[in-house]
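The structure's right below; bear with me while I get my questions together.
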Amino acid sequence: MVTYCKTDGKGNSMKEARTYESFPAPMVSLAILVSLLIYALGTYILAVLVIWLSIPYVLYCAWIEFRILKYSCVDCYYYGKLCGLGRGKLCPPLFKKGDPQSFAEKEISWTDLLPDFMVSIFPAIGGIILLVRDFSWLILLLLMALLALSFGGNAVIRGSFACRHCKQREIGCPAERLFSKEPKKQING
Ligand code: SF4
């Protein structure tokens with residue numbers, strides 16, 4: 001669910017992009033729509049496999065959102081602001097503001113991101129089992145849509161919108177460092 005690009009896909013370096021104090025609502029709406037579509041497709045595919053599987057899956061997706069808010073958004077520059085993914089505004093009612101410096105200082109690994117990827121991997125496995133068990137074009141199309149949105153859709157949302165214009169990326173972002181293999185920026189105290 002989290003893919004980043006070094007450039008905006010048009011060869012323009014992220015560094016050249018202007019940053020937004022508050023992201024334009026249409027951009028944010030598109031980012032939220034992509035996330036909700038991924039959750040909905042995942043829930044549907046797992047419900048077709050075994051109806052009750054949709055319950056723990058929905059709870060899992062809610063836990064992933066909660067986890068991002070609690071461990072990332074609290075320390076982010078966009079805490080209480082409209083960020084590219086829309087979560088910045090969701091954070092204040094749930095969590096006290098954290099420390100933006102610790103966001104820039106944080107180090108994350110691929111293992112830390114594995115729970116986010118599982119949001120797509122769980123239903124993808126479910127979809128493959130369904131196709132092997134009893135092939136259906138509908139399930140194949142839904143599975144392809146899920147994977148396209150999870151990896152392609154998110155890459156475009158982040159590469160062209162959210163990360164490209166993100167002030168926190170300028171200050172320092174562990175995820176961007178992980179994906180672009182860049183060293184930590186010297187934070188001017
Ligand atoms: S940019 Fe990312 S970390 Fe910052 S508030 Fe938005 S979703 Fe949370």
Side-chain angles (χ1 to χ4, degrees), residues 1-9 12-40 42 58-120 149-185 187:
M1 292 252 332
V2 268
T3 47
Y4 291 84
C5 314
K6 257 185 169 178
T7 68
D8 66 348
N12 304 327
S13 157
M14 291 269 208
K15 293 193 175 55
E16 290 144 12
R18 58 168 288 212
T19 56
Y20 291 126
E21 195 59 31
S22 180
F23 276 74
M27 268 187 194
V28 180
S29 309
L30 184 63
I32 293 171
L33 180 65
V34 167
S35 292
L36 292 177
L37 278 173
I38 291 168
Y39 295 148
V58 168
L59 292 175
Y60 181 80
C61 295
W63 173 72
I64 288 290
E65 288 295 331
F66 180 84
R67 183 171 165 268
I68 295 170
L69 291 171
K70 184 171 178 164
Y71 298 111
S72 295
C73 305
V74 285
D75 295 326
C76 179
Y77 177 86
Y78 288 98
Y79 176 92
K81 298 176 186 166
L82 194 59
C83 72
L85 304 172
R87 292 191 185 97
K89 281 278 184 193
L90 292 177
C91 213
L94 297 168
F95 303 106
K96 259 189 332 111
K97 186 175 173 54
D99 168 18
Q101 182 113 1
S102 68
F103 191 106
E105 294 288 322
K106 215 176 275 177
E107 289 297 345
I108 61 169
S109 67
W110 292 105
T111 318
D112 297 321
L113 294 179
L114 194 56
D116 299 68
F117 289 121
M118 295 315 289
V119 166
S120 307
L149 285 171
S150 299
F151 299 101
N154 272 316
V156 171
I157 292 284
R158 284 173 168 80
S160 301
F161 305 150
C163 304
R164 180 172 161 69
H165 301 288
C166 180
K167 185 83 183 165
Q168 184 61 55
R169 179 183 52 75
E170 256 187 6
I171 299 167
C173 172
E176 193 213 12
R177 283 198 299 276
L178 179 70
F179 282 87
S180 59
K181 299 183 181 64
E182 283 184 9
K184 197 187 293 183
K185 289 188 183 86
I187 312 288

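Ligands are counted one by one from 1 in listed order, and the atoms in each one are counted from 1 as well. Reckoned from all heavy atoms, side chains included, excluding hydrogens, waters and symmetry mates. Numbers here are sequence positions counted from 1.
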- Item | Under 3.5 Å: donor-acceptor pair, side chain of Arg158, backbone of Gly84 |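 No, Arg158 side chain to Gly84 backbone: no donor-acceptor pair under 3.5 Å.
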- Task: Using a 4.5 Å cut-off on heavy atoms from C-beta on, say whether the side chain of Val34 contacts that of Val156.
- Result: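 SC-SC contact between Val156 and Val34 ruled out.
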- Query: Is Lys81 salt-bridged to Glu21, cutoff N-O under 4.0 Å?
  - Reply: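 Between Glu21 and Lys81 there is a salt bridge, with a charged N closer than 4.0 Å to a carboxylate O.
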- Query: Under 6.0 Å between ring centres, would you say that holds for Tyr78 and Tyr20?
  - Reply: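 Not under 6.0 Å, so no.
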- Message: Could you enumerate the protein N, O or S atoms under 2.8 Å from atom 4 (Fe) of ligand 1, written like residue then atom name?
- Response: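 Those protein N, O or S atoms (cut-off: under 2.8 Å from atom 4 (Fe) of ligand 1) are Cys76 SG.
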- Message: Can you confirm whether more than 12 heavy atoms, excluding those of Tyr60, are under 6.0 Å from its OH atom?
- Response: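 Result for OH/Tyr60: enclosed.
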- Derivation of the side chain to side chain contact (heavy atoms under 4.5 Å, CB included) call for Tyr71 and Asp112: CA-CA 11 Å; Tyr71 298 111; Asp112 297 321; over 6 Å; no
